[in-house]
S.K.: 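This structure is in structure tokens; I'll ask about it shortly.
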There are 2 protein chains.
Amino acid sequence: MKAAYYGGAETITIGESSAAAPGAGEVRIRVSHCGICGTDLHIFHGKMDHRVRLPQVIGHEMSGTIEALGEGVDGWSAGDRVTVRPLDPCGECPACKAGHTHICMKLKFIGIDTPGAMQGLWTVPAHTLHRLPDALSFEQGALIEPLAVACHDVRLSELAPGEFAVVQGGGPIGLLIALVARAAGGRVLISELNPFRLKLARELGFEAVDPRETDLVACVNERTGGAGADVVFEVSGVAAAAEMMTKLPRTRGRIVVVAIYSQPAPVHLFQFFWRELKLIGARVYEAQDFEKAITLAAEGTLPLERVVTRVLPLEELTEGFREMERGGEAMKILMRCSE
Amino acid sequence: MKAAYYGGAETITIGESSAAAPGAGEVRIRVSHCGICGTDLHIFHGKMDHRVRLPQVIGHEMSGTIEALGEGVDGWSAGDRVTVRPLDPCGECPACKAGHTHICMKLKFIGIDTPGAMQGLWTVPAHTLHRLPDALSFEQGALIEPLAVACHDVRLSELAPGEFAVVQGGGPIGLLIALVARAAGGRVLISELNPFRLKLARELGFEAVDPRETDLVACVNERTGGAGADVVFEVSGVAAAAEMMTKLPRTRGRIVVVAIYSQPAPVHLFQFFWRELKLIGARVYEAQDFEKAITLAAEGTLPLERVVTRVLPLEELTEGFREMERGGEAMKILMRCSE
């Protein structure tokens, strides 16, 4: 079985996947598909070498089949189709003790802090497993992790049916948030710069605008009778969006910050005071978000096949990264890991 | 009866209070005391001339006695001791229709957008009245408005008994927030630069530190077993505090922004993502916050007399502003308006 090793900035080497037997409480999975996340691209660019041990297999958006079980693993069998919630919390820190294990203060993110899924055989703790129903293909299964991010974000937003939501940033996570928000009964407007992503969003039935061409504030006010948006999802991570996000919500509206800002950004705190806005930070997911994502995906109403724009063999991982860098007609790119 | 007229930057003129009969739905109040708010000082400095009609009586933190009633005013009598919730919402805008009349999109703030209480006789809509119990002096009554701000802020913070709160800024509002938070069962740490305010806070039993001398992050972590603060109240409005506020909360902690930022400030949005923090904007108060403030004050356990550092006759309003500007040994300054 193959494995794709990250060996330092811009370097991927194809080697052999470790076939070590799973330890106590672990399972070994035959990985079918693994999606490339923005974080993987960040690692590929050498920006996270302080967290990655070289050479390391990365990747965490996967689907596969259990192939071997370690000692003491109950409730799972070889052949079970699964995806992995790639979080390994310490269980001891104040965040874990308060029940927020998904953002444990010493969280090991599997696929970043420990080896990932871009390989044919992958060994993980059994507590990370979620069952994939037969209704879901392995390609769809590899989308459960980012879909769970979207479910988490929409859940924390407390979006109610009929509410108006703006999604700033129409990449994979933004588009999935839009789909989940719509499934929850929300009316959704997407703000995005990339013409391909705008077009795709429109084909999926969303109103989608380029904020350089459309007066976003006026547009939102027009759609909401002058009230403003109930919820703004900030998924883009750029300073212009951090400025815009406070101009869109209604009185007591909510802003969910999903994007990762590497630098402090100027924020119009006055607007929080003036309109009593709420800003809610949202990171990864909890077990219930994975279950929700699986249920939603299995219902078959989300056009997940449109989110995947390319499927490549594992050997072409570098090409996958290059396609993401080009930023043209790419949305989610999946790697086939065990053919 | 006298009145203090603001006539443009740095100019206060003493003249006569209007004695016009109250119109339908209005009452005329004989004002006893009126506190100077930071906003009044801002007006005095000429920073809000776009909202004030010159010459105008300002002031909105008051106590007094009903002296005359207009047509159709039920439930009130001449002689009733009252304070005023100085908000006059439109009732028609999306915010009002959603029940958030206190932050009406066309809110008239009485004492800024319409004439205020720095005069012997003051006419206001009867819907703004709250009854002062006999247990409260008129000096204490003039503190109900800022105390209601504090009650609103603590309510929106959802502070639970035993939780740890940091108050950034130990001026009148910060100190009142600290008192209300402590009364709600919170453990409170105050961060403040002014030595007089630090000393006063300590005399009132709070731990109070100068963040230039004490490592605030280390201090908060030490007090909370490494978890971080449950709630941070940002009352100071300075960029250094906007930077600090994201470093103090625990995982899923809350930051309540009470301060008025005139400019966008750099905010470490990454921290919101990383620890799933919440930021909550809080402005003025709702009726229930006034009732809570009156109940709390009437219980007699809050050391409100220590919050008032000076009481001056109305003619000396300019001196009151000057004392606030000096920023030395001042906390809340009250004016006697009808002697």
Side-chain angles (χ1 to χ4, degrees), chain A residues 92-105 107 152-153 156 221 224-228 230 234 237 239 241-243 245-246 249-284 286, chain B residues 92-105 107 152-153 156 221 224-228 230 234 237 239 241-243 245-246 249-284 286:
Chain A
E92 303 284 335
C93 72
C96 282
K97 283 186 176 160
H100 312 309
T101 54
H102 70 298
I103 43 175
C104 162
M105 293 163 81
L107 184 70
H152 186 67
D153 300 339
L156 293 194
N221 284 334
T224 58
D230 298 289
E234 176 14 36
E243 193 193 342
M245 71 183 184
T246 55
R250 66 163 167 84
T251 298
R252 290 229 172 144
R254 294 92 76 196
I255 300 166
V256 180
V257 172
V258 178
I260 303 175
Y261 280 80
S262 56
Q263 297 294 325
V267 173
H268 208 5
L269 290 172
F270 179 83
Q271 282 294 105
F272 284 92
F273 160 79
W274 193 246
R275 287 200 154 182
E276 290 200 336
L277 305 181
K278 231 180 230 179
L279 186 151
I280 302 153
R283 180 176 158 210
V284 296
E286 296 170 80
Chain B
E92 303 285 334
C93 72
C96 283
K97 283 184 176 161
H100 312 309
T101 55
H102 70 298
I103 43 173
C104 163
M105 292 163 83
L107 185 70
H152 186 66
D153 300 338
L156 293 194
N221 284 335
T224 58
D230 298 289
E234 173 19 32
E243 194 193 341
M245 70 184 184
T246 54
R250 64 163 166 84
T251 298
R252 290 230 172 145
R254 295 92 76 196
I255 300 167
V256 180
V257 172
V258 177
I260 303 176
Y261 280 79
S262 56
Q263 298 294 326
V267 173
H268 208 6
L269 290 172
F270 179 83
Q271 283 293 105
F272 284 91
F273 160 80
W274 193 247
R275 286 201 155 182
E276 290 200 336
L277 305 182
K278 231 180 231 180
L279 185 150
I280 302 153
R283 179 175 159 210
V284 295
E286 296 170 81

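Here is how names work: the chains are called A, B, and so on, in the same order as the sequence lines, proteins then strands, and each is numbered from 1.
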S.K.: Would you compute the distance between atom CD1 of A/Ile255 and atom CG of B/Leu279 and round it to the nearest 0.5 angstrom?
M.R.: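 Reported value, rounded in 0.5 Å steps: 8.5 Å.
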
S.K.: What are the two closest non-hydrogen atoms of A/Ile103 and B/Arg275, and how far apart are they?
M.R.: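 It is CD1-O, 3.9 Å.
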
S.K.: Between A/Val258 and chain B, which part of the residue has a heavy atom less than 4.5 Å away: side chain, backbone, both or neither?
M.R.: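 Interface part for A/Val258: backbone (N, CA, C, O).
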
S.K.: Between A/Arg283 and B/Glu276, which heavy-atom pair has the shortest distance, and what is it?
M.R.: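 Closest approach of A/Arg283 to B/Glu276, heavy atoms only: N-OE2, 2.7 Å.
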
S.K.: Using non-hydrogen atoms and a 4.5 Å limit, figure out which bit of B/Ile280 sits close to chain A: side chain, backbone, both or neither.
M.R.: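 It is both, since atoms from each part get that close.
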
S.K.: Report which part of A/Leu107 has an atom under 4.5 Å of a heavy atom belonging to chain B: side chain, backbone, both, or neither.
M.R.: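 The answer is neither part of A/Leu107.
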
S.K.: With a 4.5 Å cut-off on heavy-atom pairs, point out which of A/Lys97, A/His102, A/Glu243 contacts chain B the most.
M.R.: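 Most heavy-atom pairs within the cutoff with chain B belong to A/His102.
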
S.K.: Of all of B/Met105, B/Glu234, B/Arg250, which one pairs up most often with chain A through heavy atoms under 4.5 Å apart?
M.R.: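 Winner by heavy-atom pair count: B/Met105.
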
S.K.: Please name the pair of heavy atoms, one in B/Phe270 and one in A/Tyr261, separated by the smallest distance, quoted to 0.1 Å.
M.R.: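 The pair with the smallest heavy-atom distance is CB-O, 3.2 Å.
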
S.K.: With a 4.5 Å cut-off on heavy-atom pairs, point out which of A/Pro266, A/Ala265, A/Ala95 contacts chain B the most.
M.R.: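 Of A/Pro266, A/Ala265, A/Ala95, A/Ala265 has the most heavy-atom pairs under 4.5 Å with chain B.
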
S.K.: Could you check B/Ile260, B/Val284, B/Val256 and say which one makes a side-chain contact (heavy atoms from CB on, under 4.5 Å) with A/Phe273?
M.R.: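 Of the listed residues B/Ile260, B/Val284, B/Val256, the side-chain contact (heavy atoms from CB on, under 4.5 Å) partner of A/Phe273 is B/Ile260.
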
S.K.: Can you tell me which portion of A/Ala259 sits under 4.5 Å from chain B's heavy atoms? Options are side chain, backbone, both or neither.
M.R.: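 The answer is the backbone of A/Ala259.
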
S.K.: Given a strict heavy-atom distance threshold of 4.5 Å, which part of B/Arg254 is in contact with chain A: side chain, backbone, both, or neither?
M.R.: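 No part of it gets close to chain A.
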
S.K.: Relative to chain A, which segment of B/Ala98 carries a heavy atom at a distance below 4.5 Å: side chain, backbone, both, or neither?
M.R.: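 For B/Ala98, there is no contact with chain A at all, as no heavy atom is under 4.5 Å.
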
S.K.: Give me the atom names and distance for the closest heavy-atom approach of B/Ala227 to A/Pro94.
M.R.: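 Looking at all heavy atoms of both residues, the shortest contact is CB-CB, 3.5 Å.
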
